[in-house]
Amino acid sequence: MLIVVSPAKKLDWTEREVATTAPRMAEQAAILAERAKELPAAELKRLMRISDRLAALNAERFRTWDRDPAPGEVRPAAWAFAGDTYQGLEMATLDDPGREFADAHLRILSGLYGVLRPRDAIQPYRLEMGSRLATDRGRDLYAFWGTRIARALADDAAAAGTGVLLNCASQEYFGAVDDGALGLRVITPRFLDEKRGEAKVIAFHAKRARGAMARFVCENRITDPEGLRDFDAGGYAYAPDLSQPDAPAFFRSEAAAATAAAA
């Protein structure tokens, strides 16, 4: 399986002793960075619905964005992102075989870089896929990327010898993957928590669970979708009654959540 996850708004810029690779869509990223560089902080604030402080920070990031960054200015993507998904992924503690599997099977969807491999060297940025950053290709990033992301994923799946994509990304990011150009079977898991006796998707927990599932696949080198049913991280368990074809559900009771939190 090829696995896709979303990036994170939060970054961890700690230096890592990890050999990096060059992002394969660097020229496309440069086009977007140059376009974003033209925008004042106030426009970035409106575009991404962020605070004045974050708008100023990201205006400076785009102002200093470099087509050929020095090694000290970049970090490996899967280590640099630090949101809920990456707390579940815990790339820094994945063993070497798991990391090697991730190199071939894990991809990060990015508003700026398109598709990233785990070790791809990124510069600090914030540019959500849903941002309406207008370019010559259209009014937003979905128009900018067109079929490019889907075609890159299809190529990576072919290189990995799989016809299956495990979608652990958000709707915002997976919306940039053109179905027709992808040509893969897509499996999108759902993670539900018990809340007042009902099974509900709680965004905070679901994000972390998506990262944990990506780790589970890499850690166990899973290639058969049936193997996903064994996922039990954080107290979740496969729930056949809540599942649909290519949408396996994983449920966690309040008691299981409490036990996981205490562990």
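Residues take their numbers from the sequence shown, with the count starting at 1. Here the structure is a predicted model, which means the values were calculated and not measured.
Among all heavy-atom pairs drawn from Asp193 and Phe251, the shortest one is C-CE1, 4.1 Å. When all heavy atoms of Leu2 and Leu153 are compared, the closest pair comes out as CD2-O, 3.4 Å. Taking each heavy atom of Thr147 and Ala181 in turn, the nearest pair found is CB-CB, 3.9 Å. Nearest heavy-atom pair, Pro225 versus Met1, reported as atom, atom and distance to 0.1 Å: CA-SD, 4.2 Å.
Atom CZ of Arg53 is separated from atom CG of Leu57 by 7.0 Å, given to the nearest 0.5 angstrom. A distance of 9.0 Å separates CD of Glu43 from CG of Leu133, quoted to the nearest 0.5 Å. For the atom pair CG (Leu165) and OG1 (Thr188), the distance works out to 8.0 Å, reported to the nearest 0.5 Å. Within the model, atoms CZ of Arg24 and OH of Tyr113 stand 14.0 Å from one another, a figure rounded to the nearest 0.5 Å.
Counting heavy atoms of neighbouring residues, nucleotides and ligands inside a 6.0 Å radius, atom NZ of Lys37 exceeds 12 of them. Other residues, nucleotides and ligands place no more than 12 heavy atoms under 6.0 Å from the CG atom of Asp68. The 12-atom threshold is exceeded at CZ of Arg221, counting heavy atoms of other residues, nucleotides or ligands nearer than 6.0 Å. In this structure, Asp95 places its CG atom where more than 12 heavy-atom neighbours from other residues, nucleotides or ligands lie under 6.0 Å away. Sparse packing is recorded around CD of Glu15, with 12 or fewer heavy atoms of other residues, nucleotides or ligands lying under 6.0 Å away.
Without hydrogens or angle criteria, Arg75 side chain to Gly72 main chain gives a donor-acceptor distance under 3.5 Å. Under the 3.5 Å distance criterion, the side-chain polar atoms of Ser243 are matched with a main-chain donor or acceptor of Ala249. Panel note: side chain Thr135, backbone Arg137; a donor-acceptor pair is recorded below 3.5 Å. In this structure, the side chain of Asp12 engages the main chain of Thr14 through a donor-acceptor pair within 3.5 Å. Side-chain N or O atoms of Arg49 include none that pairs as donor or acceptor with a backbone N or O of Leu47 at under 3.5 Å.
When Tyr173, Tyr125, Trp145 are each tested for a side-chain hydrogen bond (donor to acceptor under 3.5 Å, both in side chains) with Ser110, only one passes: Tyr125.
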(message) Using ring-ring contact (aromatic ring centres under 6.0 Å, His included), reason through Phe231 and Phe191 one step at a time and then give a plain yes or no.
(response) CA-CA 11 Å; Phe231 175 77; Phe191 300 95; 5.8 Å; yes
(request) List the steps and the verdict of side-chain hydrogen bond (donor to acceptor under 3.5 Å, both in side chains) for Asp230 and Tyr238. (result) CA-CA 7 Å; Asp230 294 328; Tyr238 176 63; over 6 Å; no
(request) Check the pair Glu198, Lys195 against salt bridge (charged side-chain N to carboxylate O under 4.0 Å, His left out), reporting the backbone distance first and the verdict last. (result) CA-CA 5 Å; Glu198 297 182 13; Lys195 189 75 172 179; over 6 Å; no
(request) In sequence, state the C-alpha distance, the side-chain angles, and the governing distance for Leu127 and Leu141, and then conclude on side chain to side chain contact (heavy atoms under 4.5 Å, CB included). (result) CA-CA 9 Å; Leu127 186 63; Leu141 293 181; 3.9 Å; yes
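In this structure, a donor-acceptor pair under 3.5 Å is absent between the side chains of Ser170 and Arg210.
Salt-bridge check for Lys45 with Asp52: passed, with a basic side-chain N closer than 4.0 Å to an acidic carboxylate O.
Hydrophobic clustering, with ILVMFWY side chains joined whenever heavy atoms are under 4.5 angstrom apart, keeps Phe62 apart from Val74.
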